[in-house]
Asker: 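Structure incoming, see below.
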Amino acid sequence: MAVKVTHAERAYVVDSFPVGLQLRTRGDDTGLTLGGSKRRYIFDPNVSEKLHPGWHLFFTNLPGEHAVAVHAQSVGIEFGFDGNAINGTIGFLDRAGIRAKDTESVVLNLDYEPARPEKTKAGICGRERKC
Amino acid sequence: MLRISAALAAIIIGLTGCTAENLFVTHRTVVGVNASVNADQTKGHLTVGYKRGFFTIAPKSVETDDGIEAMSVLSCSELEVDGIRLSKFVEQLATGKAAQIFAKKLAETDGSANADVIFGCWEKNDNVSKGGG
């Protein structure tokens, strides 16, 4: 699977482009897609596991911590489970959002324009890092 | 271009009959067929065609000394879409203890605390209702 890494102004942005059947077990983007999709994971810039900017074809592990935001666009069949609901789509789906557990005390900021990922600003504290 | 801008203070929202344990601030556009059912299988929906939504779900599952309560959330959202695609998403959010402390500071200072330091929309949208809790 190919991923594109962008070190944005104040964010770490990873785009992945899975085609075919993809089973996702990440806590922030759990689900299954049959078709094609573009999935963008926006992390706090201080995330621990970073790849160099640019394209990566192999060894493309995403950071273990949850993304500040996930923006996914898919065409085909997609099933997702977000902890609250099971969702299924046939066709085109454009979904972007943030989530937090009910027990969390976090402060989160996001400034995101899909067409300009390099300008993304994202930050979260209270989860892995103190405010 | 459709522009949706909202400033929400001390939102406490819940879905009746849903045991959601996650807070969501989500934009979703669907063209085709979309169906969903909540974890309890007590609610669901089916969309055929086109649908776009922007919504916040705050869980009502926080355990406190007084029992189960809704999650405390301070949120400021700005969303822009171009056609069926998202073109901008700005979010400032505080949850749980952080939201309570922040709301308390606002109440103590009669809203004159440096709210815009975290919530950029606080000063931008003077015409929207503001509050703390």
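Below, read A as the first sequence line, B as the second, and so on, with proteins coming before strands; counting in each chain starts at 1. Note that the coordinates shown come from a computational prediction; the quantities given were computed from them, not determined experimentally.
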Asker: Would you call the rings of A:H7 and A:Y12 parallel, tilted or perpendicular if under 30° counts as parallel and over 60° as perpendicular?
Answerer: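 Plane angle over 60°, so perpendicular.
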
Asker: Looking at A:A72, A:G91, A:G80, A:A85, which one has more heavy-atom pairs under 4.5 Å with chain B than the rest?
Answerer: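 Answer, by heavy-atom pair count under 4.5 Å with chain B: A:A85.
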
Asker: Pick one: which of A:I42, A:T6, A:V68, A:D111 meets side chain to side chain contact (heavy atoms under 4.5 Å, CB included) with A:T120?
Answerer: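 The option that passes is A:I42.
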
Asker: Among residues at least two apart in sequence or on other chains, which ones pass salt bridge (charged side-chain N to carboxylate O under 4.0 Å, His left out) with A:R10?
Answerer: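 Listed in chain order: nothing, the list is empty.
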
Asker: Chain B contacts: which residues in residues 17-29 of chain A have a non-hydrogen atom closer than 4.5 Å to it?
Answerer: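 At a heavy-atom separation under 4.5 Å, chain B is reached by no residue of residues 17-29 of chain A.
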
Asker: Do NZ/NE/NH1/NH2 and the carboxylate oxygens of A:R116 and A:E113 come within less than 4.0 Å?
Answerer: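 So A:R116 pairs with A:E113 through a salt bridge.
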
Asker: Please look at A:A96 and chain B and tell me whether the side chain, the backbone, both or neither of the residue comes under 4.5 angstrom of a heavy atom of that chain.
Answerer: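 Both the backbone and the side chain of A:A96 come within 4.5 Å of chain B.
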
Asker: Between chain A and each of B:G44, B:A35, B:G32, count heavy-atom pairs under 4.5 Å; write down the option with the most.
Answerer: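 Among B:G44, B:A35, B:G32, the one with the most close pairs to chain A is B:A35.
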
Asker: Can you list the other members of the hydrophobic cluster that holds B:I84, where links are side-chain heavy atoms under 4.5 angstrom apart?
Answerer: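 Via sub-4.5 Å side-chain contacts, B:I84 links to A:V75, A:F92, B:V31, B:Y50.
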
Asker: Looking at residues at least two apart in the chain, or sitting in another chain, which of them share a side-chain hydrogen bond (donor to acceptor under 3.5 Å, both in side chains) with B:T29?
Answerer: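 Residues passing side-chain hydrogen bond (donor to acceptor under 3.5 Å, both in side chains) with B:T29: B:H27.
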
Asker: Using 4.0 Å as the upper bound for N to carboxylate O, is an ion pair formed by A:E78 and A:R39?
Answerer: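 Salt bridge between A:R39 and A:E78, a charged N being under 4.0 Å from a carboxylate O: yes.
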
